[in-house]
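It should be emphasised that the depicted structure is a prediction, and the values quoted were computed from it without experimental measurement.
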Amino acid sequence: MTTTNTHAAPAASAPAPGGPSAWAPLRHKWFRALWLAQFASSVGGWMQTVAAQWLMLTLTRAPLPVALVQTALSLPVFLFGLPAGALGDVLDRRRLLVASQAFTLVAAAVLAALAFVGLMSPLLLLTFTFLIGTGGALMAPAWIAIQPGLVAREEIPQATAINAVSINLSRAVGPAIGGVIVAAAGAAAAFAVNALSFVGALVTLQRWPHRPDPRPLGAEPIMSAMRTGLAYVRHSPPVQVVLARAALFLVFSSGMWALLPIVASRHLGLGSAGYGMLLSMIGLGAVVGALILNRARERFGLEATVNTCIVVFGLGMVELALAPGLLPPDLVDLVLMGIAWIGSLSSLSAAAQTSLPSWVRARAMAVYLLVFQGTQALGSVVWGAFAERYGATLALGIAGAGVIVGPLATITRPLTMGTYYERELASLSPEPRLGPSYTHDTGPVLVIREYKVPPENAREFENAMRLVRGSRRRFGAQRWNLYHDAEDPTMYVETFTANSWQEHLRQHAERTTAADRMMERQALKFARGEPRTTHLISAE
């Protein structure tokens, strides 16, 4: 079954006994086509990374500039990720994807041309690596946001794992090919192949029969969209847990990616092809991990699977630090680390995606990517500088120890896989009406809801309204309060504000989900009758 609306999940088909298979999402035509396009681009991206890091080693032997190559790729997500996420929710996602792919192709082509004519310097290499990372930052939130709409609802965790397979299978293929190309024809040739890898994605995106969501209220202003996205993340406990776990893991695990070229060159005596082989071992492990991940989560649960994978990855980093120069054990170690890498990060991504409604998915996943790439960029600088002063072996060992103890800091905040079916839109009713003397830009708006609650239901009502508070704040409400009448013990008054009448209409028509309505109905079970709602507009 193929859906052409990437913003709403398709009707769920009956799940197979024991749940969908690990490869079930590939039966959908456009998921499969876009997956192949992503794979081609990822292969080119890993070739680009190997070539850039190895070229930097030839331009300067210092560890810090080599580590800064990873920073240059990651930093754009930290700088532009949130605006890119807002654009991914406000604009037509296909057009945004096409534009970002075209920008990245041009940057990669210019980098290849400069390398071919011998004009490359460390500063130019970092600059164009940054531009290529910028194209990826513009693309990533919208790309992630379209994925749930390409498959059936129950297949979303499997689709997340398969997308991770694409990235990590490319990690197995791309570095090896890149290393061979760099050794045989130089870094410029690898840069050129990377530029060509974006052509397939551009063609596929142009042919994809995507229909954007109707927006009866028009496009949301970018700054407003960014504020609302941050508010949603701030008041969504499941998303906060994912962000905290990812940040703690990545700030230490980034040391491995930043320092592996140094380990390959100085401790293992490998050239560019050998470094590509090391990355290929991680990619091979990631493919194996994708095959067993679904079964592991079903048997041991999400929390145990993620924690085990994180500890295994940290132990692998410590092994690389304690046994430098032992190539066969290191290769086995890297395969296990690849399994652990995909097991931890694809599970974290699936937990985030299945907890998000379509209207805010690109923005919230942009925050996830901001944490993902921002902590990697920060970690790469920190561990690169530490290695330059104290040595790569000590830096790698300390970073690995940090990865291992990380789960202990989050033991009280377990992960949960979201129930995606509850994220469908369900408009509030009745929709408020505006007097003829006002415009939709009028505001701020104060919403007052009066509830009659029997005294014996007061405690249950107040507890239920705490969930309503989180719901209101997630879809953009501000200054929420619940008041109890000092004279009438049965009277409760809920208040919240919106910046404008237009913003409040979006809360009604574009943001409230079935899960939000369920929380509100739960509170109303303890009240008598329907609440009386009043809308007040600021007189100033």
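The closest side-chain heavy-atom distance from T204 to W30 is below 4.5 Å. Taking 4.5 Å as the limit, every side-chain heavy atom of L96 sits out of range of all side-chain heavy atoms of R93. Residues I448 and V493 have side chains in contact (heavy-atom distance under 4.5 Å, counting atoms from C-beta outward). For the pair F526/N463, no side-chain contact is recorded, criterion being any heavy-atom separation below 4.5 Å from C-beta on. Side-chain contact between Y492 and P531 is absent, with no heavy atoms from C-beta onward closer than 4.5 Å. Using a 4.5 Å cut-off on side-chain heavy atoms (C-beta onward), T104 and T134 make no contact. Counting heavy atoms from C-beta outward, Y451 and L524 have side chains that approach closer than 4.5 Å. Side-chain contact check for V367 versus Y232: every heavy-atom pair is 4.5 Å or farther apart.
Between atom CZ of residue F252 and atom CD of residue Q376 there is a gap of 14.0 Å, rounded to the nearest 0.5 Å. Between M139 atom CE and I144 atom CD1 the span is 8.5 Å, to the nearest 0.5 Å. From L446, atom CG reaches atom CZ of R479 across 10.0 Å, with rounding to the nearest 0.5 Å. The CZ atom of R469 lies 13.0 Å from the CE atom of M519; values are rounded to the nearest 0.5 Å. Rounding to the nearest 0.5 angstrom, the gap separating the OG atom in S344 from the CE atom in M337 is 10.5 Å. If you take CG on L369 and CG on L82, they are separated by 11.0 Å, rounding to the nearest 0.5 Å.
When atom types are taken as modelled, the side chain of D89 and the backbone of A362 share a donor-acceptor pair closer than 3.5 angstrom.
More than 12 heavy atoms of other residues, nucleotides or ligands shown are found within 6.0 angstrom of CZ on R521.
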Practice problem: Could you please spell out the steps behind the side chain to side chain contact (heavy atoms under 4.5 Å, CB included) verdict for R245 and N307? | Solution: CA-CA 10 Å; R245 300 290 292 274; N307 285 340; 2.4 Å; yes
Exercise. Dump the intermediate steps for side chain to side chain contact (heavy atoms under 4.5 Å, CB included) on M256 and I282, then the final yes or no.
Key: CA-CA 11 Å; M256 201 279 294; I282 300 175; 3.7 Å; yes
Practice problem: Give the C-alpha distance, both sets of side-chain angles, the deciding distance and a yes or no for side chain to side chain contact (heavy atoms under 4.5 Å, CB included) between I146 and W208. | Solution: CA-CA 12 Å; I146 70 174; W208 172 36; 3.8 Å; yes
Exercise. Apply side chain to side chain contact (heavy atoms under 4.5 Å, CB included) to R363 and V233, showing your working.
Key: CA-CA 9 Å; R363 278 167 278 185; V233 170; over 6 Å; no
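Applying the side-chain hydrogen bond (donor to acceptor under 3.5 Å, both in side chains) criterion to N457, with sequence neighbours excluded, gives no partner residue. With sequence neighbours excluded, no residue forms a side-chain hydrogen bond (donor to acceptor under 3.5 Å, both in side chains) with S41. For S346, the side-chain hydrogen bond (donor to acceptor under 3.5 Å, both in side chains) criterion is met by no residue, not counting sequence neighbours. Shown here are the side-chain hydrogen bond (donor to acceptor under 3.5 Å, both in side chains) partners of R32, two or more places apart in sequence or in another chain: there are none. Every side chain to side chain contact (heavy atoms under 4.5 Å, CB included) that V382 has, sequence neighbours left out, goes to L378.
Across all non-hydrogen atoms, the minimal contact from V98 to L202 is O-CD2, 3.4 Å. Closest approach of L336 and V312 over heavy atoms only: O-CG1, 4.0 Å. S380 and S254 make their closest contact through N-OG, 3.7 Å (heavy atoms, listed as atom of the first residue, atom of the second, distance). Between L138 and S100 the shortest heavy-atom distance is CB-CB, 3.9 Å. Of all the heavy atoms in D516 and S471, the pair that sits closest is OD1-OG, 2.7 Å. In terms of heavy-atom proximity, A351 sits nearest to S355 at O-OG, 2.8 Å.
Between F372 and W341, the angle of the ring planes goes over 60°, which puts this pair in the perpendicular group of the 30/60° scheme.
Salt bridge absent: E503 and R227 never bring a charged side-chain N and a carboxylate O closer than 4.0 Å.
Applying the salt bridge (charged side-chain N to carboxylate O under 4.0 Å, His left out) test to every pair with at least one member in residues 450-459, sequence neighbours left out, gives these pairs: E450-R532, K452-D488.
Looking at Q478, E494, H235 one by one, the single match for side chain to side chain donor-acceptor pair (under 3.5 Å) with R472 turns out to be E494.
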